[in-house]
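Data block below; observations after.
These numbers come from a predicted model, not from an experiment.
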Amino acid sequence: MRRTRVLTAVLALAAGLLAGGPPALAAGTPAAVPKAADTYSWHNARIDGGGFVPGIVFNRGEPDLAYARTDIGGAYRWQESTHSWIPLLDSVGWDDWGHTGVVSIASDSADPDRVYAAVGTYTNDWDPGNGAVMRSTDRGATWRKTVLPFKLGGNMPGRGMGERLAVDPHDNDVLYLGAPSGHGLWRSTDAGVTWSKVTSFPNPGNYAQDPDDESGYASDNQGVVWVTFDESTGTAGSPARTVYVGVADKDNAVYRSTDAGATWERLAGQPTGYLAHKGVLDAENGHLYLAYSDTGGPYDGGKGRLYRYATATGTWTDISPVAEADTYFGFSGLTVDRQNPGTVMATAYSSWWPDTQIFRSTDSGATWTQAWRYTSYPERENRYVMDVSSSPWLTWGANPSPPEQTPKLGWMTEALEIDPFDPDRMMYGTGATIYGTEELTNWDDDTPFTVRPMVRGLEETAVLDLASPPSGAPLLSALGDIGGFRHTDLTKVPSMMFTRPNFTSTTSLDFAESDPDTVVRVGHVDSGPHVAFSTDNGANWFAGTDPSGVSGGGTVAASPDGGRFVWSPEGAGVHHTTGFGTSWSASRGIPAGAVVESDREDPETFYGFKSGRFYVSRDGGATFEASPATGLPSGDSVRFKALPGAAGEIWLAGGASDGPYGLWHSTDFGQTFTKLPGVDEADTVGFGKAAPGASYQTLFTSARIDGVRGIYRSTDAGASWVRVNDDAHQWGWTGAAITGDPRVFGRVYVATNGRGVVYGDPADTGGGPDPSGACEVTYRVANAWGDGFQADVRLTNTGATSWDGWSLTWSFPAGERITQLWNGAHTQAGAAVTVRNTDWNRTVAPGASAAFGFTASGRPADTGPTAFALGGRPCSVR
């Protein structure tokens, strides 16, 4: 169910998002991005997950410190106090969009404040920029970057193998990185600042998923795929003597150095015919566990084995839980219980049907039990209970026949980790979420344990289109891989994605401007119609019918009265219909593949764009005529919208660096367009509620204006612009869609390619607390390091009435400065700090609390802040 993640990026590239490679950064030099001209608070419209999580890493030196990596959506840190994830790479900008793909992550157990991420999305020409190693000394709050002389592939085949990046447990200035594409093994001896190739390493790998793939995607050599240190060798301050390395080579998969990487040898007697996805060492018992598959994953894999290698004697033991003849899957997820090292677990990552499988052994692999088993086929018995009440859409609205169940235990389960400090906690990644349990040892007593999503805060959907109707739900989304959602409350996970029909990806949606209950969406589907309609604002859907030849979603438009629709699907030309798509007629005068939109006032008028030409229909989409307008972008990287409430008024964004690029405006049904001065580049355009006292709707765009990329807002019809995001909130590529909210001034919804739907509000909105309300503040420094610290704050309503919004202020006593804050929005001027509520914690009942946390630079004062005020009134300090 993750196949279209590749297509999302390819389509984005085909649409011209790449204006050139990212500028190379000198080692240790942070990129400079101008600050925002307006202060916004940013949040996700909650979906919780929605994408493949190929890696989870626990720090082995500090409890409750864990990281997760995604293939296109950045990296996250676990926040134990809220049981949620904090995004760490939102600062990645447009030009470096590929650095949102994380191929590996490493947490330094000797110095838990250090964390490293190897980033880069594709190794072929889809991503023009090289990969990089990012390093942080404040747990990912801030980063420095070293660009590598080759590419990395966070969204390439084999991305679930690993970890490719590892920190030496005895000398934490030493790191290794396994590279793809034949680039071999690399090493840093200065904590990731500089890197050099380990020339003595003998094998750069030779396995490719499909050597004949001309795109370079499946034909890339998957390379060196994991590094594992034997911490029982070496002493503090000196590099570990023994290092194991996995290579994508079915005949020579595992190598070892016993002299700290000076020389290497192929492990004798190792199995052949498989790739070693993971190598996990139990140093206490002298066992190297290896999970093998016949392919690199994450989708494929038909055979696999588990092996145990005795590091002292060189003995190999096949410890596979099932006979080779009975496998139809490969093994990948692999973990050892560090509190009970004889306990090992593994996953059948490529068992798609009827479900994934998880295996557990408490005797070093001599015997195994499994998460579920057949009783009398097709009936099965589970050791676990699934509770997806926090993310109910994980059932997919399905009602499968046994032995399938919903929700599934998972698929693409390549990440599996037991908390090294808590044998009861396990997390594992799937193609859609992170699942976990805090009752794992119940497994060994044959007592059911509960598996729940452990994914809050991790948002990983690729967003293809957005709509904010003037009534009904505030947000409708078109998403890759999981279809899309109707958000009636941005702070809550919707109960279900769009169903009946379920699209694997929704590529376009629209609503009738004068009748927002009428909604249409189109998308990709394995079988059945590619178009669906709703008459209740997207709450329920019914399928339309396809014109002949349709192979994919394309774009779709609804007339303002909901009586006509125009569809430009993949595989067929543009078509139009009246009613709900029971029959379609071919439109004349417009080429296949055109992007289509509707006028928001005139029900007979539709528009199209293709290859530099603008097209207009004044008869409901039956016939189109090419506009005489010239000077528009020559390619197909264009998105345009008609302004609600003004017939014939159109805004058009798009272009490429080798031709016209910017923002255009028409007030005569597209017969002429005027290019806006000062907008260097623009890729999306959307409308929101007019500013107080303004007569024109607010414009939003993802653009480069005055040389600075960002999210921009105009309240005067494009005469002037302010940037509303900042250097900490960029989210890589944001060129797919943008829209304001017609009911809330200043609110903007931004489509990202892997970080879900991001929305922003002016930070000074949201009201304040009851002026008569009493309050109490608890301020606690949770962690401190040389040049920074982490603090947790709890604000309690000790009054008699509820708060509907709150604003807490204080001053730092010692020059501290906040670098990252979660569960709130903050501003800081000198020592003075203001933290405001988010949408989901704005209401605080009497006796209840709102909590937030932050990381800050500087040394925390011994006493911390001693005075806090809520809406200008002092709070007691506990």
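Between Trp97 and Tyr122, the ring-plane angle classifies as tilted under the 30° and 60° cut-offs.
Considering CG of Asn537 and CG of Asp515, their distance stands at 9.5 Å, rounded to 0.5 Å. To the nearest 0.5 angstrom, Asn753 atom CG is 6.5 Å from Thr100 atom OG1. Atoms CD and CZ, on Glu459 and Arg46 in that order, are 7.5 Å from each other to the nearest 0.5 Å. Rounding to the nearest 0.5 angstrom, the gap separating the CH2 atom in Trp126 from the NZ atom in Lys151 is 11.5 Å. Here CD1 of Ile711 is found 7.5 Å from OG1 of Thr701. Values are rounded to the nearest 0.5 Å. Ile482 contributes atom CD1, which lies 5.5 Å from atom CE of Met497 (distance to the nearest 0.5 angstrom).
A 4.5 Å side-chain heavy-atom check between Leu509 and Phe498 finds at least one atom pair inside the cut-off. At least one side-chain heavy atom of Trp721 sits under 4.5 Å from a side-chain heavy atom of Leu676. The side-chain heavy atoms of Thr70 and Leu458, taken from C-beta on, include a pair separated by under 4.5 Å. Pro762 is listed as a side-chain neighbour of Arg713, based on a closest heavy-atom distance under 4.5 Å. Counting heavy atoms from C-beta on, the side chains of Val748 and Ile738 come closer than 4.5 Å. You'll find the side chain of Glu681 reaches within 4.5 Å of the side chain of Arg709, heavy atoms only. Looking only at side-chain heavy atoms (C-beta outward), Ser627 and Arg613 stay at 4.5 Å or farther from each other. Between Thr506 and Leu464 the shortest side-chain heavy-atom distance does not fall below 4.5 Å.
For Arg618, the side-chain contact (heavy atoms from CB on, under 4.5 Å) partners at least two apart in sequence or on another chain are Asp602, Thr605, Val616, Phe669. For Ser617, the side chain to side chain donor-acceptor pair (under 3.5 Å) partners two or more places apart in sequence, or in a different chain, are Asp619.
Between the Thr555 side chain and the Val596 main chain, a donor and an acceptor come within less than 3.5 Å of each other. At least one donor-acceptor pair under 3.5 Å links the side chain of Ser568 to the backbone N or O of Ala594. Not one N or O on the side chain of Thr623 forms a donor-acceptor pair closer than 3.5 Å with the backbone of Arg588. Proximity of a side-chain donor or acceptor of Gln697 to a complementary backbone N or O of Pro644 within less than 3.5 Å is detected. Counting only distance, with no hydrogens or angles, the side chain of Asp636 and the backbone of Ser611 share a donor-acceptor pair below 3.5 Å. Between the side chain of Ser634 and the backbone N or O of Gly612, no donor-acceptor pair lies under 3.5 Å. A side-chain donor-acceptor contact under 3.5 Å links Ser666 to the backbone of Thr672. A donor-acceptor pair under 3.5 Å is formed between the side chain of His99 and the backbone N or O of Asn130. Between the side chain of Asp465 and the backbone N or O of Ala478, no donor-acceptor pair lies under 3.5 Å. His665 places no side-chain N or O within donor-acceptor distance of the main-chain N or O of Leu663, the cut-off being under 3.5 Å.
A salt bridge does not link Arg639 to Glu597: none of the charged side-chain nitrogens sits closer than 4.0 Å to a carboxylate oxygen. Ion pair Asp510/Arg600 flagged as a salt bridge, since at least one NZ, NE, NH1 or NH2 atom sits closer than 4.0 Å to an Asp/Glu carboxylate oxygen. Between Asp741 and Lys689 there is no salt bridge, since none of the side-chain N atoms of the basic residue sits less than 4.0 Å from a carboxylate O of the acidic one. Using a cut-off of 4.0 Å between Lys/Arg side-chain N and Asp/Glu carboxylate O, Asp90 and Arg755 are scored as salt-bridged. Taking a cutoff of 4.0 Å between a charged side-chain nitrogen and a carboxylate oxygen, Asp706 and Arg723 do not qualify as a salt bridge.
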Check the pair Phe745, Thr715 against side chain to side chain contact (heavy atoms under 4.5 Å, CB included), reporting the backbone distance first and the verdict last. CA-CA 10 Å; Phe745 166 67; Thr715 59; 4.0 Å; yes
Asp680 and Tyr661: side chain to side chain donor-acceptor pair (under 3.5 Å), yes or no, with the steps? CA-CA 7 Å; Asp680 310 322; Tyr661 201 170; over 6 Å; no
Chi angles and distances behind the side chain to side chain contact (heavy atoms under 4.5 Å, CB included) call for Ile72, Trp733: CA-CA 11 Å; Ile72 63 173; Trp733 188 69; over 6 Å; no
After noting the C-alpha distance and the side-chain angles of Leu479 and Ile47, does the key distance pass the side chain to side chain contact (heavy atoms under 4.5 Å, CB included) rule? CA-CA 11 Å; Leu479 306 178; Ile47 294 168; 3.7 Å; yes
Given Phe485 and Val757, is the side chain to side chain contact (heavy atoms under 4.5 Å, CB included) satisfied, shown in steps? CA-CA 11 Å; Phe485 290 91; Val757 181; over 6 Å; no
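Scanning all heavy atoms of the two residues, the minimum distance from Lys641 to Phe687 falls at CB-CE1, 3.6 Å. When all heavy atoms of Pro469 and Pro516 are compared, the closest pair comes out as CB-CB, 3.9 Å. Closest approach of Glu460 and Asp71 over heavy atoms only: OE2-OD1, 3.0 Å. Of all heavy-atom pairs spanning Thr684 and Ala736, the tightest one is CG2-C, 3.8 Å. Closest approach of Ser587 to Ile590, counting heavy atoms only: CB-CG2, 4.1 Å. Between Gly538 and Ser534 the shortest heavy-atom distance is N-OG, 2.8 Å.
For CD of Gln828, the number of neighbouring non-hydrogen atoms (other residues, nucleotides, ligands) closer than 6.0 Å is greater than 12.
Each of Trp822, Tyr749, Trp731 was compared with Trp42 under the ring pair (Phe, Tyr, Trp, His ring centres under 6.0 Å) criterion, and only Trp731 meets it. With Phe614 as the partner, the ring pair (Phe, Tyr, Trp, His ring centres under 6.0 Å) test is satisfied by one option alone out of Tyr607, Phe606, Trp664: Tyr607. If you run side chain to side chain donor-acceptor pair (under 3.5 Å) between His729 and each of Asp727, Asn725, Asp726, only Asp726 comes through. With respect to Asp761, the salt bridge (charged side-chain N to carboxylate O under 4.0 Å, His left out) criterion is satisfied by exactly one of Arg836, Arg842, Arg747: Arg747.
Side-chain rings of Tyr759 and His43 approach one another, their centers coming within less than 6.0 Å.
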